[in-house]
Every structure is written in C-alpha cells, then in structure tokens.
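The structure presented is a predicted model; accordingly, all values stated were derived computationally and were not measured.
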Amino acid sequence: MHAVNSPVVKVDARALVTGKPVYTDDLAPKDSLIVKVLRSPHAHALIKAIDVKAASEVDGIACVLTYEDVPDKRFTMAGQTYPEPSPYDRLILDKRMRFVGDAAAIVAGETEEAVDHALRLIKVEYEVLEPILDFRKAKDNSILVHPEKNWKSLCPVGADNRRNLCACGGEENGDVDAALEQCEYVIDRVYHTKANQQAMMETFRAYTYLDTYGRLNVVASTQIPFHVRRILAHALDVPKSKVRVIKPRIGGGFGAKQTVVAEVYPAIVTMKTGRAAKMVYTRYESQIASSPRHEMEIRVRLGADAEGTIKAIDVYSLSNTGAYGEHGPTTVGLSGHKSIPLYRTPEAFRFRYDVVYTNVMSSGAYRGYGATQGIFAVESAVNELAAALHMDPVALREKNMVREGDVMPAYYGEKLNSCALDRCMARAKEMIGWDQKAPRVDLGNGKVRGVGVAMAMQGSSISNVDVGSVEIRVNDDGFYTLLIGASDMGTGCDTILAQMAADCLECDMDQIVVHSSDTDVSPYDSGSYASSTTYLTGMAVVRACEELRQKIVEKGADYLGCDAAQLEFDGKRVYQPEGELEISLKDIGNRIMCCNEKMLSAGYTHTSPVSPPPFMVGMAEVEVDTETGEVELIDYAAVVDCGTVINPNLARVQTEGGIAQGIGMALYEDITYTKKGHLIENSFLQYKLPTRIDVGNIRVEFESSYEPTGPFGAKSIGEIVINTPSPAIAGAVANAVGVQIRELPITAEKVYRGMREQGKE
C-alpha cells in the first residue's frame, strides 16, 4: 500500500485555504429570493387567524405562505432509509405551534430588508395552550403534543401519539432482578444529559431553482442528498423524478444535517413562484429551531460480586424528542446497545426505553447518536461501582471488558472479530501516568488533581440498512473518475475513498477524480451518517476497483489479441509476464474514447450484515479548586481502535475534534428553558462552547486491529471519539474531591455544592 495508511493531504485542501467559493451560499444565484420564517412566540398554541395582507403588499415581497398554502401531507424531516422509523408528524406549515420557534409563516422577497419588514407586519391571533415542558411528565399526560388524526408511524417502534410516545420498547437477556439480588454490590443511579447543539460553523442553508425542464433543483448543505430528495418529494407532493439534490462543500454537520432543517422552505417558495430562492439560518435560528442532541435521563442498575465481576446491568432511558420525532426512535436504542456490550461478564441484562414528545425544540442526530448519553451513564455507574468496591476503575474494566472473539448478546448477537480495547486501555494508562496519579494528588495549595477513565464503542454503519455505492470509470489518457453518493462534510471522505481507489488500482492519487454528490449523477448512497462512509462506501470502492481491474485486463487482452488469463495489470499497463505483449492504460483509455466503444467502468453497491464496533479509551486529568469548585482540564489521553487507520492525519483530527466536543458537553454546554418554553441559551454569548485553551492538552494514539469485513481492515472513527470525555471527566472530578456529578455539564456551582453537602455530612 502506498496511499492507504498514509497522511495524504485532503483533496480539497487548497480550495479551502485559499477561500474559493465552494459553500452553498457562495454558489447561490445573486437574484435568489430571500426566504425567512415567522416563528411562534408560544410553546403550544393554535393559530386562530393570520393576516398577511399588509406583509404581501411590501415592495419586493414575492410571496407570503401560511398553512393554508401548503400541502396537507405529513412527513418526517429525519434523514433515514425508507420506511423511516421516525413518525410522520410534520407539515411544512401547521396550524398548531408546538414549540417556541415553530414555523408559522414563510416570507420570500427580493431583499433581506423587505422580508424582515414583511415579517413584522404579519398579524397572528393565537389560542395559547398549556405546554408540556418537563419530559419526565410527558408520557400519558393529558396535554397532547400531537393530537392530529393524520399522524402516523410507518414502523412498529412503539409509537402512540395519544400517549405522547414517539417510541418505546426494550429487550432482556436472563433474569436481571434475580441476578441483582445475588450481587454483593449494587449501584442504582440516575444520570441526566442535555440537548447539546452541534454548533457547526456553516449554519443550515439551501437554495432552490427550477431547471429548463421544470424540475426542482436543490443545492443544500446536507449529509443526506438522496433522503432530501425523498423527503421533499413527499412534503411537496411531487414525484421524486421532479427533484434533484446537489451537495456542495459542507461547512460541518456533526449529524445536524442528517435532518432536513432548511431545505423545505425555499423549495416550497420556488414551487409557488418559479423563482430561485435561498434560505440561510442565522445563528439564533440554529440555536432555537434546529436538531440538537436528545436530552436523556438514564437510570442504571449495576451489580457485581465481591471480586468485582459485573453480574447484571439494567438500563432505562427516557429520551426527550421535543416537538417532533426526528431520529427519536433510533437514537435511544444506541444508549443501551453501545454501552451494555462493553462488558462481557453480565449473566443478565435489561434495556428499556421511552421516547416522549414535549413542547420544546425537536431533537435530531448528533455525533454519537444516543451512545454518548448511554455511555456517560453506564461508564459513570461503573466508576461509582469501582469506588464502592474500593477497586481501581481501570482494573475493574480490565476484569470485565469485552474481548476479541466474544459474542455480544446486547449488540444484536454479533461476534467481535476485531478488538484492541485491552491494548487501548494499557496504552492510555501509560500515556497519562495512571499508576502515579490515581486516584488523586493534593497539590497543597487548595487545589486537588484527579484522574478518570471511560471506555466506549460505536458501530460501523447500520447493519442490513445502510447502503454505500460507487461507480468508477476509465477516461481517455487512463485517469479515473470516482462517482460517490457519500457526502464529505469536512471529514475528508473524498480523500479517504480516493486513497483506497489509488491502492486498489496501483496509481497515484492525482489520477483519481472524485465527484459527489448529485442525485442525478451519483450512485445511490444512504448518506454520511452512522459512521458508515469509510467502512461501507470504502468497501464498495474496493469491490468496484476489483471489478474494474478485471475489465481493464479483459480489454487489454482484446486489443492484444490474446487470452486474458495470460495478462496482468500493474496500474500503468496490461502486460504479458511471460512474453512481450503489453498495452498502456493510457492507450486503452484513448482507444475506448476515440473509437466509440463501450465505456470501461464498474460499479458496486455494498451493505453489511454486521456493524463492527470501533473502541476507545479516554483518560482525563483535572484540577479542582476546593474553595470555588472550579474544574480545569489538565490533560486528556485517548487511544482509539478503528481497525486499519486509512489516513493518520485525518483520523487524528477527527479524534481531537470529537474529544473537544465531548469536553464541551462535559464542562460547558448547557440548555435551559423558561417556564414559558423560551430557550435561554439562544446565542454563543449564553451557549458556552470550549475554546482551544479550554480543552487543555489532548493527546491521541491508535491501537490498530484488523476488521475482516472492512476495506483494508478498517472500521469507523467519526462518532466514537465524542463518547469518553463526559464520564472520564466526571470520574476524575469524583476522584479529586469525592463529588460525583450525574447531570451535565459539570459546573463549578455543582461541584461546590457537592463539597458543601459532604462537609455537612
């Protein structure tokens, strides 16, 4: 291999650092109508009357739309494979407002000033209803978020709108209650994570226009072009053949853009006016009306014998999907399926969950996708179990952690073919100096340092669901065009897939031209989410290149007039090892193009019956001021097993970035609502994101395993990297000052109060 496992520079690096116009708003037509939404000031209300006459008469206004002007057809904005597990509970515009920020009307005009003026002139008479804001009280509440009769759920996920249930369910293996009764030590705790915002640099945005043939063209910053096509066709009530979706460069997604947040509004404007239209979310809109992480409250019961062998794990997750059900039924599953299987020893486990509707902003996909919440809870409970046992939390994990070759009942019964979790733990322990620092070091100046540890696992695509497809072609002069449907959102998947193709075809990277993603041109791909691109689309690249190599040899044999079995291909020529016959790839490409012959190409569509998990160990060192409770992160050591590392540079920045996001979740990012449902953290002045200074010293290393079902032995890396900071930092704080924080973020106030309560005891 000359490309795979090399720190190849990203193929779009030059364009990005030189400020080329590559993003959605850079490319939008200058005469696009500006589209904005009038948003509800109430958490729960019915529109009794809406007067848009004055707004429509403002100079430069092209259209003002209300619920009376759009299709009465419910759909989901969740970017998921059809039939979507998420309920069909949305309309483009609805008469019922379900959260502060819900869309009440759409205004489109020539200038932003005209649109802003028109928005102020719309008069809405609301019947204000009592909201349900506490997700702990939502299930079977008399206040219904979705009482409508045309609400529907396409999949049997336990949804019931008459009970405010977006989903419910569970599974059990063995007798958990009996196993817990026999345990010498039982931890029974409740943990709470908030609805964190992805806060990507490029907010939600899209522009739309009609082409020469009257088809709706959508250019959007999205992770899911093919799902956007289906969702818009359904919402607009038009055939899919009338919709084309193009993805330019994405300025970050982190899962937020696995939901159709902005696209539907300019699309309906273009359909109504025939004009190009553009919508760009402000940061304020992105904070109050987008698709943040699901808030979850998770109860963990964990039992072990006196020697520290974990005998039973019981997890109950209560998830707050908010006003709409995007990704609600699917994120919650990972809270159990990606936390419980980290441990091989339980004789019994149980995982149950409820996902409830409330009158707050709807949640969606965010890096980690439910595993982040579940791992915080379970790993924190394991740390608390270690404290109860007076046992080193590293030693407790080494005794119980999953190992290569294990069958994982809590992970769909999959067998673990690749796992370096034990080596990750050993290396992280060395990196942070665990034996010298654990559990705490008193600095003697009112400050104490502590260390904490957490493990994590994720998946590599959704087994038997996700699809990755590619097509690769030989062009004149023998260079290649690689067509992919996956969406590079800054992760570098265009580069990684080109690296794989270059090694498979034994050519230089500059001979591979990558093109993505256009639903009219690209082969179908379910999208860049669920940590699927490297593992799934990468294997499609490998298989397509294998087929193309064979076709190149066969075409060379045709031109040379000999049997293909006598020939080989070395990336530059087809030749006869035992003879003198040969023809260059350049000549083959030119003869095909110039002689009107059949195109030399190959395509492959790949799905996987398994989802091999990557693993990670994170260790944090914190310093706590015992007078104020202030927590400072001093050091973070992380070791990742993602199989074969395809591009070490990209894998490293992925890991560092994910850890930084996890640190933000652990220490800084909070979400609070007023009694009337207004989000307080509606800008970056209130919503605290960590800076480079705040995240301290992040150190990353890799322990490679070999995954036989992945391309070149690779597994995923995109999501797992966010999962360890919260429990590791919480554990470090607990070791430092004896205060276990079970509700994120870990603030100085919470730590200080905890120390005060200890003092009273």
Side-chain angles (χ1 to χ4, degrees), residues 189 191-197 199 293 372 376-377 379-380 383-384 386-387 393 431-434 436-454 618-638 656-672 680-681 683-699 722-761:
R189 302 287 189 270
Y191 304 89
H192 183 203
T193 62
K194 301 291 189 69
N196 309 111
Q197 282 285 358
R293 186 185 299 285
T372 315
F376 168 66
E379 286 299 280
S380 292
N383 284 334
E384 295 201 57
M431 289 170 66
I432 208 159
W434 182 271
Q436 294 75 42
K437 297 176 180 178
R440 68 195 295 269
V441 175
D442 192 335
L443 301 181
N445 59 354
K447 295 184 178 181
V448 182
R449 290 190 176 184
V451 288
V453 60
M619 291 189 179
E621 180 180 6
V622 303
E623 184 174 288
V624 183
D625 189 323
T626 56
E627 293 186 0
T628 65
E630 182 182 2
V631 178
E632 181 183 357
L633 181 62
I634 302 298
D635 192 16
Y636 201 92
E656 291 173 351
I659 290 171
Q661 285 183 303
I663 292 168
M665 177 181 178
L667 293 175
Y668 300 102
E669 300 172 43
D670 202 0
I671 290 290
T672 53
I680 294 174
E681 292 79 11
S683 78
F684 284 166
L685 290 176
Q686 291 82 24
Y687 190 74
K688 298 178 182 179
L689 293 173
T691 67
R692 182 63 187 87
I693 296 172
D694 297 318
V695 298
N697 183 33
I698 298 175
R699 295 179 292 138
I722 199 173
N723 292 336
T724 58
S726 291
I729 293 170
V733 171
N735 284 336
V737 294
V739 177
Q740 180 70 48
I741 303 298
R742 302 186 185 96
E743 179 184 73
L744 298 178
I746 302 165
T747 63
E749 292 84 355
K750 293 175 184 176
V751 176
Y752 178 77
R753 290 193 191 104
M755 291 189 294
R756 286 286 298 271
E757 289 171 5
Q758 282 183 336
K760 291 177 182 178
E761 293 173 2

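Between Asp635 and Val451, the closest side-chain pair of non-hydrogen atoms is not below 4.5 Å. In this structure, the side chains of Tyr668 and Val695 stay at 4.5 Å or more apart for every pair of heavy atoms. Inter-residue side-chain proximity for Leu744 and Met665 is flagged as met; some heavy-atom pair is nearer than 4.5 Å.
The CZ atom of Arg753 sits 7.0 Å away from the OG1 atom of Thr747 when rounded to the nearest 0.5 Å. Note that CZ of Arg742 and OG1 of Thr193 are 15.0 Å apart. Values are rounded to the nearest 0.5 Å. Note that CG of Leu633 is 10.0 Å distant from CD1 of Ile746, once rounded to the nearest 0.5 Å. Annotation: the span from Tyr636 atom OH to Thr724 atom OG1 amounts to 2.5 Å, rounded to 0.5 Å. Here the CG atom belonging to Asn383 is positioned 7.0 Å from the CD atom belonging to Gln740, to the nearest 0.5 angstrom.
A donor atom on one side chain and an acceptor atom on the other are found under 3.5 Å apart for Arg293 and Thr372. At a cut-off of 3.5 Å, with distance as the only test, a side-chain donor of Thr691 or Asp694 sits close to an acceptor on the other residue.
Counting non-hydrogen atoms of neighbouring residues, nucleotides and ligands closer than 6.0 angstrom, the NZ atom of Lys750 exceeds 12 such neighbours. Environment of CD in Glu630: sparse, with no more than 12 heavy atoms of neighbouring residues, nucleotides or ligands closer than 6.0 Å. For Tyr752, the OH atom counts as loosely surrounded, since its 6.0 Å shell holds 12 or fewer non-hydrogen atoms of other residues, nucleotides or ligands.
At distances below 3.5 Å, at least one donor-acceptor pair connects side-chain atoms of Thr626 with backbone N or O atoms of Gly446. Using modelled atom types, one side-chain atom of Gln758 and one backbone atom of Gly738 make a donor-acceptor pair closer than 3.5 Å. Counting only distance, with no hydrogens or angles, the side chain of Tyr687 and the backbone of Gln197 share a donor-acceptor pair below 3.5 Å. In this structure a side-chain-to-backbone donor-acceptor pair under 3.5 Å is missing from Asn735 to Gly452.
Counting only residues at least two apart or on different chains, the side chain to side chain donor-acceptor pair (under 3.5 Å) pairs with a member in residues 436-446 are Lys437-Glu621. Judged as a salt bridge (Lys or Arg N to Asp or Glu O under 4.0 Å), the pairs with a partner in residues 661-671 (not counting sequence neighbours) are, in order, Lys194-Asp670.
For the pair Glu384 and Tyr191, the tightest heavy-atom approach, listed with the atom from each and the gap, is OE2-OH, 2.7 Å. Of all heavy-atom pairs spanning Ile722 and Gly662, the tightest one is CG1-N, 3.6 Å. Listed here is the closest heavy atom pair of Gly754 and Val739: C-CG2, 3.6 Å.
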